[in-house]
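What follows is a set of notes on a single structure, which appears directly below.
The structure presented is a predicted model; accordingly, all values stated were derived computationally and were not measured.
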Amino acid sequence: MTVFILLACLGGVLVGLSRQLNGRLSISTTPLIASFWNHAIGFAVLTCLGLFVGGLLPAGAAEAPWYAYLGGSIGVIFVAAGSWVIARIGAVNSALLIIGGQMVTGVAFDYISAVPASFWANAAGIVLIVGGMMISRRRKASGAQ
């Protein structure tokens, strides 16, 4: 279990580093160029890894529905938008925005999918997330004056 926790932490650090690099590159160039380089390097590394480890094309990939491949297009938009946002509001605020959005979207998907859940627990979670973001913004605004 410890190995998986460490891998999750390493993944989080690498995602944060990637967002920082994309934000810096976006300032120097444009968000679309930053997104292009992010995806080009990721494609090259993952292709080499897939060739080395095996399983580059998993069984059943050809039978997947067409919408299963929309994740790549959505990823391009997400990375480009993230590069644009980081340059304007900073890495910490964009990370808070992304995490809050993921949590709220997860709760919305649970309701759409009719997953049994406690309304009050979900509502309290959303209130805590939004409240924490508001407190964070208020502290920065009062500290900047």
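- Follow the hydrophobic side-chain contacts under 4.5 Å out from Phe78 and you never reach Leu17; the two are in separate clusters.
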List the atom pairs, donor and acceptor, that lie under 3.5 Å between side-chain atoms in residues 52-76 and the rest of the protein, sequence neighbours left out.
unit_1, atom_1, unit_2, atom_2, d
Tyr69, OH, Ala61, O, 2.4

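- No path of Ile, Leu, Val, Met, Phe, Trp and Tyr side chains, each step under 4.5 Å between heavy atoms, connects Trp37 with Leu32, placing them in separate hydrophobic clusters.
- Under the 4.5 Å side-chain criterion, counting only non-hydrogen atoms from C-beta, Leu6 is not in contact with Leu10.
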Could you give me the CA-CA distance, side-chain angles and deciding distance for Ser35 and Asn22, then say whether side-chain contact (heavy atoms from CB on, under 4.5 Å) is met? CA-CA 7 Å; Ser35 178; Asn22 284 339; over 6 Å; no

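- Both Tyr111 and Ile126 belong to a common hydrophobic cluster when Ile, Leu, Val, Met, Phe, Trp and Tyr are linked at side-chain heavy-atom distances under 4.5 angstrom.
- As a member of the Ile/Leu/Val/Met/Phe/Trp/Tyr network built from side-chain separations under 4.5 Å, Ile112 groups with Phe109.
- Counting only distance, with no hydrogens or angles, the side chain of Thr105 and the backbone of Gly101 share a donor-acceptor pair below 3.5 Å.
- In the hydrophobic clustering (ILVMFWY side chains linked at under 4.5 Å, chained through shared members), Val13 stands by itself.
- Using a 4.5 Å cut-off between side-chain heavy atoms of Ile, Leu, Val, Met, Phe, Trp and Tyr, Ile77 forms no hydrophobic cluster with any other residue.
- Ile27 is not connected to Ile33 by any chain of hydrophobic side-chain contacts under 4.5 Å among Ile, Leu, Val, Met, Phe, Trp and Tyr, and they are in different clusters.
- Val127 forms part of no hydrophobic cluster, judged by ILVMFWY side-chain heavy-atom separations under 4.5 Å.
- Phe43 pairs by the side-chain contact (heavy atoms from CB on, under 4.5 Å) definition with Thr47, not counting sequence neighbours.
- In the hydrophobic clustering of ILVMFWY residues, with side-chain heavy atoms under 4.5 Å counting as a link, Leu14 and Leu25 come out apart.
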